[in-house]
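One structure is given here, and the rest of the page talks about it.
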Amino acid sequence: MNICFVTSECAPYVKTGGLADVAASLPRALAELGHKVKIFMPLYGSVPVEEYGFAYSNDLYELPVPMGDYSAGVHVWYGTLARSNVEIYLVDYPPFFHRTSIYTNDADEGERFILLQRAAFAIMQRYAWSPDVIHCNDWHTALMPAMRAFAYAWDDLFRRSATVLTLHNVGYQGRFGPMLLYKAGLPFDQYYPGGPLEFHGSFNFLKAGVEYADVITTVSPTYAHEILSPAYGEGLEGPLQRRSADVYGILNGIDVDEWNPSTDQNIYVNYDFASIEKKEENKRLLLTDLGLPVDESVPLLGIVSRLVDQKGFDLLHPVLEPLLSHHNVRLVVLGSGQANHEDLFRWAQNRFPDRVRAHLGYSDQLAHRIEAGADIFLMPSRYEPCGLNQMYSLRYGTIPVVRKTGGLADTVHDFHETGGNGNGFSFHDYTPHALFTSILRACTLFPDKTAWRRLQKAGMTTDFSWAHTAGLYERLYERAVAKQLG
Ligand code: ADP
Ligand code: GLC
């Protein structure tokens, strides 16, 4: 199959979260199954194209992209995703994509991603490349199904193209004014109260995707159920319920080469379950690098996360002081985001300088080192469509403590609830108390090396690769294509 995969971020070129990881690893896995995959994404100012071996496309020089009231002349760089034959097209339009961050609150935020989507169509048209599937991801690219149905309905190239929308997070929907319909090439007659392109008085990109995509997927089976309810649907539960026959939950895989403790170049010492004692060395060196006292018997808790409400850090606010005052634990945090959560960890480091380190920024290397060096990994998410860090943790023998929601519920099985056969600790109630007791349950078990090794083994020997799940996407693509033809 020809698969057009459109995304706002893709690792290693640009990454703010798990979407970037999936946008690289899923196309790679699909290519391994024999499909022809092309990724389309913006060329942000921060991406060093030449370093990554991208080439400027002379034949796409000033490619005109219709934007309603004007035409944007975009340039295109192309290359190949490392370790694969997946082609990548970077849409180069500096007025839109050379900004200080990849997502903005600027007035033209919606227009920026309309351009990306229309540029993807324009590039396919220029090469007369007909996709069997257009796979879009999150609100930034969720208009492509509607665009295919209206703006590009005239073009035979896309007549048989099925559309698949993956919801990585329904908390971000892309709500804009209806004037953007014109730039997107979508008809105003579909915009009326309750109409397919209208949602509560705005033009909501994600909702438009839910209406028009042939198939909707989300990134874990549990999240696929959750988003049908008001508690998790973020207002989209109604439209999603109407499409529920076409909503599927497929658990993300992880890149098992990138996240492999026995080959990882970012960590201090490589190890696997057979040499698990070398994990201690990673802990020792991490603590030393961070300037924390080294004591292997004290559990080291790790956090690597966007510091946003979604991740449940409000549960940690009331818990952190008693935890660090009354229990012998250490904490290392890597993340950035909302000021209140950053302040919490800044405060904790000042108050407990020999117990806490907070690195309020972004670092791929430190993320890997925390996965390798920590004993326990915290993810108390309010909601979690899939979550990758708990799977990275399991693979690195770092025991996750998570809230039982979304992909966390599908991947982490509580030690006590399974009579000792689990791979981590989890709690259901969204309360500080539930988090606190789960952290303590983990810390209490930590000195019992036999039980701890069992937990580590369960995680380290589980296959989280795309081997199973890429095939599920393949089958869904076939279903979407059949639907489109029928
Ligand atoms: P989300 O996409 O909601 O942020 P995921 O668990 O799916 O959550 O993916 C997060 C990804 O981003 C992981 O690969 C994680 O290691 C990475 N990450 C998050 N924050 C940072 C950071 N500050 N530095 C480095 N990597 C980070
Ligand atoms: C989103 C979700 C996260 C998921 C990632 C990749 O950012 O918040 O749970 O793992 O997308 O699908």
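Remember, predicted model here, so these are calculated numbers, not experimental data. Atoms within a ligand are numbered from 1 in the order they appear, just like the ligands themselves. Quick note: numbers below take in every heavy atom, side chains included, and nothing from hydrogens, waters or symmetry partners. We number each residue from 1, following the sequence as shown.
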SB check [X] [Y] (cutoff 4.0 Å):
| X | Y | value |
| --- | --- | --- |
| Asp255 | Arg83 | yes |
| Arg284 | Glu280 | no |
| Arg28 | Glu258 | no |
| Asp414 | Lys404 | no |
| Arg403 | Glu384 | no |
| Lys283 | Asp375 | yes |
| Arg99 | Asp108 | yes |
| Lys483 | Asp246 | yes |

Which residue and non-hydrogen atom of the protein lie closest to [atom], and at what distance in Å?
| atom | result |
| --- | --- |
| atom 10 (O) of ligand 2 | Gly387 N, 2.8 Å |
| atom 8 (O) of ligand 2 | Gln310 NE2, 3.1 Å |
| atom 1 (C) of ligand 2 | His168 O, 3.1 Å |
| atom 12 (O) of ligand 1 | Lys15 CE, 3.5 Å |
| atom 26 (N) of ligand 1 | Tyr362 CE1, 3.4 Å |
| atom 13 (C) of ligand 1 | Asn389 OD1, 3.4 Å |
| atom 9 (O) of ligand 2 | Glu384 OE2, 2.4 Å |

Closest to [atom] (judged by heavy-atom distance), picking from [options]:
| atom | options | value |
| --- | --- | --- |
| atom 14 (O) of ligand 1 | Asp21, Leu388, Leu360, Leu307 | Asp21 |
| atom 24 (N) of ligand 1 | Ser363, Gly406, Gly407 | Ser363 |
| atom 6 (C) of ligand 2 | Thr166, Val219, Asn252, Leu167 | Asn252 |
| atom 23 (N) of ligand 1 | Ser336, Gly361, Ser305, Ala20 | Gly361 |
| atom 8 (O) of ligand 1 | Lys311, Gln390, Gln365, Met391 | Lys311 |
| atom 5 (C) of ligand 2 | Ala20, Gly18, Gly407, Ser220 | Gly18 |

Show which atoms of ligand 2 fall inside a sub-4.0 Å distance from at least one heavy-atom site of [X].
| X | value |
| --- | --- |
| Pro385 | 2 (C), 8 (O), 9 (O) |
| Asn169 | 8 (O) |
| Val22 | 6 (C), 12 (O) |

> Should the pair Phe40 and Tyr89 be assigned to parallel (<30°), tilted (30 to 60°) or perpendicular (>60°) ring geometry?
Replying inline: parallel
>> Could you walk me through whether Tyr13 and Phe54 satisfy the ring pair (Phe, Tyr, Trp, His ring centres under 6.0 Å) test, starting with their C-alpha distance in whole Å, then the side-chain angles of each, then the deciding distance to 0.1 Å, before giving a yes or no?
In response: CA-CA 11 Å; Tyr13 317 110; Phe54 282 92; 5.1 Å; yes
>> Do Cys386 and Leu251 make a side-chain contact, defined as non-hydrogen atoms from C-beta onward lying under 4.5 Å apart?
In response: yes
> Can you list the atoms of ligand 1 that are under 4.0 Å from a heavy atom of Gly335?
Replying inline: 23 (N)
> Looking only at heavy atoms of Gly17, does any of them come nearer than 4.0 Å to an atom of ligand 2?
Replying inline: no
> Is there any N or O on Arg306 that sits under 3.5 Å from an N or O of ligand 1?
Replying inline: yes
> Given Tyr473 and His135, is the ring pair (Phe, Tyr, Trp, His ring centres under 6.0 Å) satisfied, shown in steps?
Replying inline: CA-CA 10 Å; Tyr473 273 102; His135 188 157; 5.7 Å; yes
